[in-house]
There are 2 protein chains.
Amino acid sequence: MNIPPQPSGVRFIDDYLVYLLARAAHQVSSEFHEQLRRRGISVAVWRVLSGLLGSEGETVTGLAELCLLQQPTMTKLLDRMARQGLVVRSPDLKDRRVVRVALTEDGQSMADELALAARMHEADVLARHPPAEAEAMKSLLRAILARHDKPRRAG
Amino acid sequence: MNIPPQPSGVRFIDDYLVYLLARAAHQVSSEFHEQLRRRGISVAVWRVLSGLLGSEGETVTGLAELCLLQQPTMTKLLDRMARQGLVVRSPDLKDRRVVRVALTEDGQSMADELALAARMHEADVLARHPPAEAEAMKSLLRAILARHDKPRRAG
DNA sequence: GCGGTTTATATGAAGCCGCACTTATGGCTG
DNA sequence: CAGCCATAAGTGCGGCTTCATATAAACCGC
């Protein structure tokens, strides 16, 4: 174990991995979230739209997991998005407990448009870094994710 | 510009930097947040406690920025934490608009204890990765933060 | 194919968050 | 020092998230 003592002169959080991750995520995404705000689209709605991009029918629980939300939150979010005509729910044919969620035409075009803006923002972000660093970023993050995928069961 | 088209067979979000960051932050922190849950401490409270560690009197706005929250949210969070005896507010002597926030003795000991648990979790997280990768993580995140520090004014 | 367990989604109550706004103080310029 | 803008903190309200729970369907062993 051997936890080093708090380095003097450095704030705890400035050397705390979880905080650095949270802050980096926040700062980078806040730039794009500002664009969403201007268009009157909430972050949660954008997450659902992007999560449904290219997916033919996600489940409610699956979407919640994807969007880093609780399942009841997703149910209500989908209620609102369905009311706005962005998504449709349809029953799963094989398992009647399951609800499949898909984009409507409106939802699809909104998702496409936002995804384009998102890619442009991403390119802009990556352009601020030296190429080697930019390369390393995604693969490092993927490595973290791979090693932290929640132990499904009996981990 | 030249935005590449959506690679076929790969979900949008699986190659989207902002999502990878958000997901990595979420997954890594959720492990520690589970510990907080068991102790009945909210994530927001922990953030404030850790933000005040080693700091002699943060401002409300400064704390909000540090904790990635809005200032009004911080005001109300501090109300609750003050009621619980974790922090104290005191007027700044030089600028009467400013309120300085500091840990109480209870708050300090809770912060110390949690920071220890956080360091242990961090060590555990880093241990799952090859040393070179673990090294790279923090410095890469710091590089991102350095290049994305919000343009204060006239950016 | 019948109970018991597990999984998927929905619901209701309670609390937190964020926006817009208000109040109070400081700082700058003429 | 008067007037004006900038900055700090607090407040009210509406909406979203969450926790705990309910309901329904599927799976599993016998």
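In what follows, every heavy atom counts, from backbone to side chain, and hydrogens, waters and symmetry copies are set aside.
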Selected nucleotide, minimal atom distance to A:T59 side chain, candidates C:dT9, C:dT25, D:dT11
C:dT9
Gap between atoms CD and C1', on A:Q71 and C:dT7 respectively (whole Å)
11 Å
Examine D:dA8: is either OP1 or OP2 under 4.0 Å from a nitrogen or oxygen in the side chain of B:T61? Give yes or no.
no
Would one find a side-chain N or O of B:R97 under 4.0 angstrom from OP1 or OP2 of C:dT22?
no
Which ones in residues 36-58 of chain A lie close to DNA chain C, meaning a heavy atom under 4.0 Å from one of its atoms?
A:R37
Side-chain N or O of B:R96 closer than 4.0 Å to phosphate OP1/OP2 of C:dG26:
yes
For C:dA8 and A:R89 - does any side-chain N or O of the residue sit under 4.0 Å from the phosphate oxygens OP1/OP2?
no
Atom pair distance, as rounded to whole Å: NZ in A:K76 and C1' in C:dG12
7 Å
Relative to each other, are the rings of B:F32 and B:H121 parallel, tilted or perpendicular (30° and 60° limits)?
parallel
Using whole Å, report how far NE2 of B:H26 lies from C1' of D:dT18.
13 Å
Closest non-hydrogen atom pair between B:A102 and B:L52, with its separation:
C-CD1, 4.3 Å
Does the side chain of B:T75 get closer than 4.0 angstrom to OP1 or OP2 of D:dG10 through an N or O atom?
yes
Establish, yes or no, whether a centroid distance under 6.0 Å links the rings of A:H33 and A:H26.
no
Separation of atom CG in B:D95 from atom P in C:dA24, rounded to whole Å
15 Å
